[in-house]
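Notes for the one structure printed next.
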Amino acid sequence: MSSPYVSEVRRRRTFAIISHPDAGKTTLTEKLLLFSGAIQIAGAVKGRKASRHATSDWMEIEKQRGISVASSVMQMSYRDHVINLLDTPGHKDFSEDTYRVLTAVDSALMVIDAANGVEAQTRRLIEVCRQRDTPIITFVNKMDREVRDPLDIMDEVERELGMPCCPITWPVGQGKSFGGIINLRTKSMTVFAAGSEKRPQDFEVIPLSEGDKLRARFGQAFDDALESMELAVGASAEWDHEAFLAGKLTPVFFGSGVNNFGVMEVLDAVVDMSPPPGARIAYTEVNRQREEKTIHPDDSGFAGVVFKVQANMDANHRDRIAFVRVASGKYTPGMKMKVQRTAKELRPTSVVTFMSQRREAVDEAYAGDIIGFTIHGGVQLGDSITDGPALQFTGLPFFAPEMFMTVVLKNPLRTKQLQQGLMQLGEEGAIQVFKPDAGGNMLLGAVGQLQFEVVQHRLKTEYDCEIRLEGCQYTGARWITADTPAELREFENAYPLRLAHDAADTLAFLCTSPYDVRLAQERFPKIHFHPLREHA
Ligand code: G4P
């Protein structure tokens, strides 16, 4: 390969951290930042909750609720690699946002609470990773607590992930008797010591060849660990890097995030095991025909895709940021770029990277990096941005809402602000906004109840619009496409009161029961009803 970008691409790792709430994702994120040198230890230790807000919870509502509504992005450098870490909201009502984040990464780090095993929210995230064959690294956290047997946990991970596990570290004891972890590769044991200020080099490492010493120190727990490790190794797959990259095998690590223990091993695994940015599929139009095109990370043209839009992240910057995952080429300040959907030039007021707690102006960015364009409209989720020929990336998912509410504006004089607010929140993907074709009040569609509350709150605080949300008869929606305009017209004439357009101006059919879709499908067999819309 002769591209000048090859070495930059190769040293990048872009991954998402996923877990069920409370498994220790925030703690682990913070420790990864700490060990890469991205944040100072004092700041991190002092007031963990406070720094949690500073690093990942930007919006006021998140602070009030103590949950992570928005996903955040952090860049750090470690061992001459550039690591982009994307946090994902843990609350189930924000899973849509999480799914989109997973389209922007090349691998995922799954954090599991060793007492609880694989929990509901993790299961849903795993499904998305599996669909995309995203490689997953597994971290079993909280070994300093009384937890489940490691063999048991591994078995569960295998079953839930539907892929073999390969232990890379193995715990000696747990809870009060937690002695540390055995590293199967280096054949040594790292001795556990509690304390959130520990640095990786502070932990004592003893080679397994000094078995007598380890036995004398850790007693039965050491022998038990050796025995269960042997069983685990016998029952699990051998390390196969290709299988991991294909999303068909997961390496498993044990540790205790809050004690900084076992974390360095995970950070090293991100560098050593997880893949650099890969190729992405896009469409181009050739002679009015859509043609698939593979975009390689070291291609010279700049191309990126908007996987998240967020307004007013920080009270000091009342703006909107389009988060772009760079897919190829190099971004440099001042370069000319176009939003391919509209063919309009993109003129951001600023372009930033996300260095742990602060935003910084970008000097350059390559495939795998996440950059934020400060914009004032004109950009939507799923938009492709390039400095060259027209192309459109695919794969950003929108799920058909399962809950609907009608928006009633308390003060009719604020109609304009309401429209603007709903348009922007719809473009952000905070909620889905439907404008009924037959007129009348706007409808909001959500996947989770909390989305309604967030939108109501944000309309009030950011757009000075007080709304009331009223129940409505709809319980589902399907996006509609047809093979010919005539078929579509016929369908539209048959259901004039059931049609609406969403924020991306895509036609949707609103349903009041699951039978609606079946009946409509029987009546119009050539119309396509989509439960999922991929931006294309
Ligand atoms: P989340 O982002 O996945 O929701 O989890 P978070 O990191 O906030 O961790 C959830 C709780 O689990 C926190 O306790 C945290 O301190 C604790 N925790 C994380 N890692 C470990 C670990 O390795 N061992 C033990 N024993 N606990 C761990 P909290 O009481 O909710 O918060 P805090 O008051 O401790 O800050």
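Note that ligands are numbered from 1 as they come in the structure, with each ligand's atoms numbered from 1 the same way. Excluded from the calculations below are hydrogen atoms, water molecules and symmetry mates; all remaining heavy atoms, backbone and side chain alike, are included. Heads up: numbering here begins at 1 and tracks the sequence.
If you check the side chains of Tyr331 and Asp369, you find no donor sitting under 3.5 Å from an acceptor.
Under a 4.0 Å criterion applied to the non-hydrogen atoms of Thr27, ligand 1 contributes the atoms 6 (P), 7 (O), 9 (O), 15 (C), 19 (C). Close contacts between ligand 1 and Ser256 involve ligand atoms 22 (C), 23 (O), 24 (N) [criterion: under 4.0 Å to a heavy atom]. Atoms of ligand 1 found under 4.0 Å from any heavy atom of Ser19 (numbered from 1 in listed order, with element): 3 (O). Heavy-atom proximity to Pro21, at under 4.0 Å, picks out these atoms of ligand 1: 4 (O). In summary, the atoms of ligand 1 found under 4.0 Å from a heavy atom of Lys25, numbered by their order in the structure, are 1 (P), 2 (O), 3 (O), 5 (O), 7 (O). Those atoms of ligand 1 with a heavy atom of Arg145 less than 4.0 angstrom away are 25 (C), 26 (N), 27 (N).
Polar contact with ligand 1: absent for Gly255 (N/O pair, distance under 3.5 Å). Taking any N or O of Gly257, backbone or side chain, at least one lies under 3.5 Å from an N or O belonging to ligand 1. Between Asn259 and ligand 1, not a single N/O pair is under 3.5 Å apart. Considering backbone and side-chain N/O atoms, Ala23 comes within less than 3.5 Å of an N/O atom of ligand 1.
Between Arg148 and Glu156, at least one side-chain nitrogen of the basic residue sits less than 4.0 Å from a carboxylate oxygen of the acidic one, meeting the salt-bridge criterion. Using a 4.0 Å cut-off between charged side-chain N and carboxylate O, Lys25 and Glu30 make no salt bridge. Ion pairing between a basic and an acidic side chain is recognised when a charged N comes within 4.0 Å of a carboxylate O; Asp80 and Arg11 show such pairing. Ionic pairing of Glu265 and Arg185 is not present here: no N-O contact between side-chain nitrogen and carboxylate oxygen is shorter than 4.0 angstrom.
Comparing heavy-atom distances from atom 28 (C) of ligand 1 across His20, Lys142, Lys31, Glu30 singles out Lys142 as nearest.
Residue contacts with ligand 1 for Val258 involve both N, CA, C or O and side-chain atoms from C-beta outward (heavy atoms, distance under 4.0 Å).
Between Asp144 and ligand 1 there is a heavy-atom distance shorter than 4.0 Å.
Ring-plane geometry between Trp239 and Phe244 is classed as tilted, the angle between the planes lying from 30 to 60 degrees on a 0 to 90 degree scale. Ring-plane geometry between Phe178 and Phe192 is classed as tilted, the angle between the planes lying from 30 to 60 degrees on a 0 to 90 degree scale.
With Asn84 as the fixed residue, the side chain to side chain donor-acceptor pair (under 3.5 Å) test singles out one of Arg12, Arg325, Gln75, Arg13: Gln75.
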Step by step, would you call Ile112 with Phe139 a side chain to side chain contact (heavy atoms under 4.5 Å, CB included)?
CA-CA 6 Å; Ile112 289 176; Phe139 180 68; over 6 Å; no

